Novice: 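The structure is given below, and queries will be raised subsequently.
All residue numbers in this chain count up from 1 along the given sequence. Given the structure is predicted, the values throughout are model-derived calculations rather than measurements.
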Amino acid sequence: MFVAAGVSDNRDAKRAARDRLIQQREQQKAGERRRRQVIVAGAVVGVLGLAAVIGVIAANAGGSDNAKSASTSGPVVAPAGADAKDKPAIPVGAADAPSTLTVWEDFRCPACAAFENGLRSTIHELENSGQIRVQYHLVTLIDDKTRGGGSLHAANAAACAQDAGKFSAYHDVLYTNQPDEMNDAYADNAKLLDLAKKVPGLDTPAFRSCVQNGTHNSWVVKSNQAFQAGKFSGTPTVQLNGESIFPAKGNEQITAANLKKWVAQANKGKPAGKASPAS
């Protein structure tokens with residue numbers, strides 16, 4: 001009897017150990033799933049610490065307009081189809097779309113690149129299906145910090161692309177080829193012209209002249225002044241129908257799935273706009 005009891009106790013102990021091992025493995029699997037979810041979300045929001053730092057820098061930056069005065073002293077020339085009023089913007093998508101996505105961004109800003117590169121296909125899908133109209137406000141935040149010129153030059157080049165009906169495509173090229181934040185490569189117009197070759201039909205004499213002459217520089221400066229006047233915390237600043245959604249909307253982090261959900265909720269019962277493809 002004593003041996004039988006010992007054997008039974010041993011089996012029970014082994015069974016309990018096996019159950020604990022199974023439980024530990026399930027916990028590890030759950031942990032791995034959570035880590036994968038964090039990694040996916042991190043593709044979009046992993047640089048938010050940097051965005052916050054940039055926001056602090058924006059609040060303390062000063063004198064940038066004086067540093068660029070030589071190249072921005074001309075008249076304000078808005079790109080074709082763009083807003084030149086108090087908050088200059090370049091629109092993309094159907095004019096009668098039921099929702100508006102407002103984006104304030106800097107072509108040198110790493111957090112902006114994370115946002116654009118992470119959500120590009122989703123934003124274009126929503127634009128092309130008439131769900132949203134995007135208002136792009138171009139900012140020169142990194143120039144303000146470094147006394148550089150790449151933010152201004154890239155924004156002017158993007159505005160020149162708008163004149164040619166190629167803003168969206170060139171905008172995406174600038175973000176997929178963004179140099180390191182402290183490398184002011186976009187201050188070189190030759191670099192911007194070279195990247196234009198990646199957009200079919202953009203590298204024309206008119207585009208080159210617009211870039212080299214800084215045709216829209218003053219318009220970009222006006223856009224940046226509107227950003228400063230808005231006292232936004234940093235770039236990118238992203239709003240859906242006026243409500244901030246970056247890095248989160250309420251308790252939900254911004255992801256492709258959540259952006260689609262938020263737009264669907266905002267558009268419930270409203271007809272889609274007349275879809276126009278991203279140029």
Side-chain angles (χ1 to χ4, degrees), residues 54 57-58 61-92 102-109 111-113 116 134-175 177-179 181 184-193 195-196 199 202 206-232 234-238 279:
I54 292 174
I57 292 167
S64 59
D65 289 341
N66 291 333
K68 297 192 291 285
S69 60
S71 60
T72 59
S73 58
V76 175
V77 180
D83 186 356
K85 298 179 181 178
D86 292 340
K87 296 180 180 179
I90 293 177
V92 177
T102 303
V103 182
W104 298 81
E105 60 185 10
D106 182 331
F107 286 111
R108 292 181 66 190
C109 161
C112 299
E116 288 292 346
V134 184
Q135 295 281 359
Y136 286 101
H137 300 268
L138 308 184
V139 179
T140 60
L141 202 57
I142 308 301
D143 284 359
D144 293 350
K145 178 179 70 171
T146 64
R147 299 283 177 170
S151 301
L152 173 67
H153 286 215
N156 172 68
C160 295
Q162 170 69 8
D163 289 337
K166 305 286 184 180
F167 169 79
S168 187
Y170 187 63
H171 163 278
D172 293 350
V173 165
L174 289 175
Y175 277 116
N177 291 274
Q178 185 189 72
E181 178 190 1
D184 199 12
Y186 283 170
D188 183 358
N189 285 334
K191 174 68 173 179
L192 298 169
L193 293 173
L195 288 175
V199 179
L202 180 57
F207 175 76
R208 286 176 168 270
S209 176
C210 182
V211 171
Q212 291 167 341
N213 293 334
T215 299
H216 301 299
N217 280 358
S218 293
W219 179 85
V220 174
V221 169
K222 185 175 181 180
S223 177
N224 190 62
Q225 290 170 342
F227 174 80
Q228 299 288 356
K231 300 187 183 302
F232 299 112
T235 55
T237 290
V238 185
S279 58

Novice: Which distance, rounded to the nearest 0.5 Å, do you find between the CZ of Arg108 and the NZ of Lys145?
Specialist: 8.0 Å
Novice: Roughly how far, to the nearest 0.5 Å, is OG1 of Thr215 from CZ of Phe207?
Specialist: 10.5 Å
Novice: Would you indicate whether the side-chain heavy atoms of Thr235 and Phe107 approach each other to under 4.5 Å?
Specialist: no
Novice: So, for Ala157 and Leu192, which heavy atoms are closest and what is the spacing to 0.1 Å?
Specialist: CB-CD1, 4.1 Å
Novice: May I ask you to decide if Gly149's main-chain N or O and Asp184's side chain share a donor-acceptor pair within less than 3.5 Å?
Specialist: yes
Novice: Taking Glu105's backbone N and O only, do any of them form a donor-acceptor pair with His137's side chain (distance below 3.5 Å, no angle check)?
Specialist: no
Novice: Find out whether Val139 and Thr237 are in side-chain contact, i.e. whether some heavy atom of one side chain is under 4.5 Å from a heavy atom of the other.
Specialist: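 The answer is no; the side chains never approach within 4.5 Å.
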Novice: Can you name the nearest heavy-atom pair linking Pro79 to Gln162, along with the distance?
Specialist: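 Nearest heavy atoms, Pro79 then Gln162: CB-CG, 3.7 Å.
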Novice: Nearest 0.5 Å, please: how far is SG in Cys160 from NZ in Lys166?
Specialist: 15.0 Å
Novice: Taking C-beta and beyond as the side chain, do Trp219 and Ile90 meet within less than 4.5 Å on heavy atoms?
Specialist: yes
Novice: Going by heavy atoms in the side chains, are Gln212 and Leu193 under 4.5 Å from each other?
Specialist: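 They are in contact (side-chain heavy atoms under 4.5 Å apart), so the answer is yes.
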Novice: Would a distance-only check, ignoring hydrogens and angles, find a side-chain to backbone donor-acceptor pair under 3.5 Å from Asn217 to His153?
Specialist: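 Not confirmed, Asn217 side chain does not pair with His153 backbone.
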Novice: Do you know the tightest heavy-atom contact between Ala113 and Tyr175?
Specialist: CA-CD2, 3.6 Å
Novice: Locate the shortest heavy-atom distance separating Ala226 from Asp86; write the atom from each residue and the value.
Specialist: CB-O, 3.4 Å
Novice: I'd like to know if the side chain of Gln178 reaches the main chain of Cys109, judged simply by a donor and an acceptor atom lying under 3.5 Å from each other, with no hydrogens or angles considered.
Specialist: yes
Novice: What is the minimum heavy-atom distance between Ser223 and Trp104, and which atoms define it?
Specialist: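 Smallest interatomic distance, heavy atoms only, reads O-CZ3, 3.6 Å.
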Novice: So which atom in Leu141 and which in Asp106 form the shortest heavy-atom distance, rounded to 0.1 Å?
Specialist: N-OD2, 2.7 Å
Novice: What's the spacing between Tyr136 OH and Glu116 CD if we round to 0.5 Å?
Specialist: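 Reported value, rounded in 0.5 Å steps: 4.5 Å.
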Novice: Enter the distance from Thr140:OG1 to Phe227:CZ here, rounded to the nearest 0.5 Å.
Specialist: 9.5 Å
Novice: Under 3.5 Å, side chain of His216 to main-chain N/O of Val77, donor-acceptor pair present?
Specialist: yes
Novice: Once rounded to the nearest 0.5 Å, what's the spacing between atom CG of Asn156 and atom SG of Cys210?
Specialist: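 If we round to the nearest 0.5 Å, Asn156:CG and Cys210:SG are 5.5 Å apart.
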